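Read through the structure below, which is laid out as structure tokens, and then see the notes.
Bear in mind that the values here come from a model prediction, so they are computed numbers and not experimental data. Here is the naming used below: chain letters follow the sequence lines, and residue numbers restart at 1 for every chain. Scope of the values below: all heavy atoms of this structure, side chains included, with no hydrogens, waters or symmetry mates.
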2 protein chains.
Amino acid sequence: MKASILGVYGREAAAFKALGHPTRLFIAHQLGRRDACVCELRDLVGDDISTVSKHLSVLRNAGIVDSVRKGNQIIYNLKLRCVLNIRVCGNFGGGK
Amino acid sequence: MKASILGVYGREAAAFKALGHPTRLFIAHQLGRRDACVCELRDLVGDDISTVSKHLSVLRNAGIVDSVRKGNQIIYNLKLRCVLNIRVCGNFGGGK
DNA sequence: CAACTATTTGGCAATTTGGCAAAATAGTAC
DNA sequence: GTACTATTTTGCCAAATTGCCAAATAGTTG
């Protein structure tokens, strides 16, 4: 039982987990608007840059974002664009 | 910055976080098929019943499931049915 | 090469999570 | 009331997460 649950739901749960942090969800949506380097995201988020970098690696490991080096900076982009459409029942609390 | 990110994305991130565990994601989908008591879910999941109960309380706190007492057992139901439609880009790794 | 910028990595402490077992709670039935 | 069933809560512990700082890495510029 346990193994099969992990098999079928594990991957999707991992993506949800990656999005399950306000900063990371914000970053994903921000990258949906336009690609950005870590420093831009740090300015928007306000955390230490190392913290932002770690959030980005979580998102990358989940397959949600990708990155490309451009000069001496690294540009992140939203790989799983469908993430933008995921809305947990709009304004929930009411949603159905 | 931080505060506004929390404000706008905090609630939705909390819902993602609740779904970000294979067992909880499974439970949500199972409740999408039909309502069930804790003991049924325990049988399906295979964890200790106290563990299942805790997962359910996480889902309830996130507003994803709800429960009704019926006799001496508590029947859980999927409150946020839209959860069933959320698929992080189908089979991702490839998705767009 | 050195100096500089951008990013990641490696601690580290504080907090949270996941899971089980035992105790507590809520209801049913006698 | 007691005995029983179903569920939740508590305590405990190991493991994971979060966020900062400092150090390391990658690239640019002179």
[N] OP1/OP2 closer than 4.0 Å to side-chain N/O of [X]:
X       : N      : value
B:His55 : C:dG19 : yes
A:Lys70 : D:dG27 : no
B:Tyr76 : D:dT8  : yes
A:Lys17 : D:dT17 : yes
A:Arg42 : D:dC20 : no
B:Thr51 : C:dG18 : no

Check for a donor-acceptor pair, side chain of A:Arg24 on one end and backbone N or O of A:Leu19 on the other, with a separation under 3.5 Å.
no

Could you tell me whether the side chain of A:Arg60 and the main chain of A:Ser67 form a donor-acceptor pair under 3.5 Å?
no

Taking only heavy atoms on the protein side, list every residue of residues 23-31 of chain B lying under 4.0 Å from any atom of DNA chain D, sorted numerically.
none

Verify same cluster id: B:Leu31, B:Val58 (apolar side-chain graph, 4.5 Å)
no

Would B:Leu78 and B:Leu44 show up in the same hydrophobic cluster when neighbours are defined by side-chain heavy atoms closer than 4.5 Å?
yes

If the threshold is 4.0 Å, N to carboxylate O, is there a salt bridge linking A:Arg34 and A:Glu40?
yes

Classify the side chain of B:Lys54 versus the base of C:dG19 as yes if they form a donor-acceptor pair under 3.5 Å and no if they do not.
yes

Considering only heavy side-chain atoms of B:Ile49, the closest of D:dT7, D:dT18, C:dA21 is D:dT7

Does the ring center of A:Tyr9 lie less than 6.0 Å from the ring center of B:His29?
yes

